[in-house]
S.K.: 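My structure is below; once you've seen it, I'll send some questions.
Note that the coordinates shown come from a computational prediction; the quantities given were computed from them, not determined experimentally. Per chain, numbering begins at 1; letters A, B, ... match sequence-line order.
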Amino acid sequence: MSFASNLMIWYREHGRDLPWRNTQDPYVIWLSEIILQQTRVEQGLPYFHRFLDAFPIVTKFAEADEEEVLRLWQGLGYYSRARNMHKAAKMVISEFAGDFPTRYADVIRLPGVGEYTAAAIASFSVNEPKAVVDGNVYRVLSRYFGISEPINGSKGKKMFAALAQELLDVEHAATYNQAIMDFGALQCKPKKPLCGTCTFQLDCVALKEDIVDNLPVKLKGKASRDRYFHYFIIRKDDSILMSKRGTSDVWANLYEFPMIETERDVDMEELRALNDFATYFPPNAPLLELGKVAKHILSHQNIYAKFYILDDADALRLKKSGWNYHLLEKIDTLAKHKLIFSFLEKNKQLINPKI
DNA sequence: AACCCGGGGTT
DNA sequence: AACCCAGGGTT
């Protein structure tokens, strides 16, 4: 029995029933695949329904503006996915006459679609024989064949891509690709894999050599860095001052409160002494520090955020470009990052005492 | 080849 | 705290 056949037999009995598996529409598959990049199925599922509801066909997606797309994406992370999706939708209109492409060579041209996603769309929609290589595939193959080459080095990437393509059942590309990913997610899990009930017990090199827990091998990246953000809540009548972030840092194009960043943790006295502070506020600006420090962990940054209320909006010296007052009742229409909207959730009455 | 880009679950 | 998730883009 071949690896592929054994895998598909397992899949027929244990595979998950997921909404995007009941279609061959490349647009719907694309939607699901972008959402699921580095994102667990349970986390992405509500967003899949939300987007399909808002944009049933790619034309509607292309007609939307970026603000609306980002607002729908709010809270999911890796926001470049949303911006790239929007560009891709427009590209489907301009370069494919609104007909969503299915061939690997075509879909990989779309922004936000790399080798994995192109293989997924091409195989799921028209059974093009392209093997997917995602985190599940790296894990399953490294264990089954006992390969200790790091999966994130250039040599390893090529090795696993070639091996995956060799193993693919070219007559059943869609089913095979779904099968190996479900097998990785449900049976050959990262931690505590279910080797005791595994259909590959007799063939798995890692199990035979008792090195399952050591595979796959992955090179470590840089340690995360600490950042200190000081947010200023500045209200004027029924409005609040919001700042739109730039494009070269985390949370690109999303809204937050006006903010000063410092290299280390500083108290309010040190904050007042900064040049940045003097630019925007008078030295004696009435500030009220709120609650405790909010620690927000990203995969590569630890952000420590403090929030201050500026009691007198008229004390603001300079309104930086990108800082604008927004009506409190319209605040929900702005796409904000997680740190800000969790703060807003917890401090509703503080921000808007009328509620 | 190294680094950047989120939020959340599991161990 | 470390690791992972249906990865992709930039430098």
S.K.: Enumerate the salt bridge (Lys or Arg N to Asp or Glu O under 4.0 Å) contacts for residues 15-32 of chain A, please, sequence neighbours excluded, ordered by first and then second residue.
M.R.: A:Arg16-A:Asp182, A:Arg21-A:Asp182

S.K.: Among residues 292-307 of chain A, which ones have heavy-atom contacts with DNA chain B below 4.0 Å?
M.R.: A:His296, A:Leu298, A:Ser299, A:His300, A:Gln301

S.K.: Write out all pairs satisfying side chain to side chain donor-acceptor pair (under 3.5 Å) with one or both partners inside residues 64-78 of chain A, taking only residues at least two apart or from two chains.
M.R.: A:Glu66-A:Asn253, A:Glu67-A:Lys244

S.K.: Is there a donor in the side chain of A:Gln37 and an acceptor in the side chain of A:Thr117, or the other way round, less than 3.5 Å apart?
M.R.: yes

S.K.: If you walk 5' to 3' along DNA chain C, what is the first nucleotide with an atom under 4.0 Å of a heavy atom in chain A, and what is the last?
M.R.: C:dC3 to C:dG9

S.K.: Could you list all the side chain to side chain donor-acceptor pair (under 3.5 Å) pairs where at least one residue sits in residues 279-290 of chain A, not counting sequence neighbours?
M.R.: none

S.K.: Of all residues at least two apart in sequence or in a different chain, which pass the salt bridge (Lys or Arg N to Asp or Glu O under 4.0 Å) check with A:Lys158?
M.R.: none

S.K.: What does the 5'-to-3' dot-bracket notation of DNA chain B look like when only Watson-Crick and G-U wobble pairs under 3.5 Å count, and pairs to other strands show as |?
M.R.: |||||.|||||

S.K.: Could you list all the ring pair (Phe, Tyr, Trp, His ring centres under 6.0 Å) pairs where at least one residue sits in residues 80-129 of chain A, not counting sequence neighbours?
M.R.: A:Trp30-A:Phe100

S.K.: Could you tell me the separation between the CD atom of A:Gln43 and the C1' atom of B:dG9, rounded to a whole number of Å?
M.R.: 9 Å

S.K.: Going by number, which of residues 25-42 of chain A have a non-hydrogen atom under 4.0 Å from DNA chain B?
M.R.: A:Gln38, A:Thr39, A:Arg40

S.K.: Taking only residues two or more places apart in sequence, or in another chain, which ones meet A:Tyr144 in a side-chain hydrogen bond (donor to acceptor under 3.5 Å, both in side chains)?
M.R.: none

S.K.: Checking side-chain polar atoms at under 3.5 Å, does A:Tyr231 have a donor or acceptor matched by the opposite partner on A:Glu256?
M.R.: yes

S.K.: What residues from residues 214-232 of chain A pass a heavy-atom cutoff of under 4.0 Å to DNA chain C?
M.R.: A:Lys218, A:Lys220

S.K.: Taking A:Arg227 as the fixed residue, which of A:Asn302, A:Thr262, A:Asp249 is the one that meets the side chain to side chain donor-acceptor pair (under 3.5 Å) rule?
M.R.: A:Asp249

S.K.: For DNA chain C, which residues of residues 158-181 of chain A approach it to below 4.0 angstrom with any heavy atom?
M.R.: A:Gln178, A:Met181

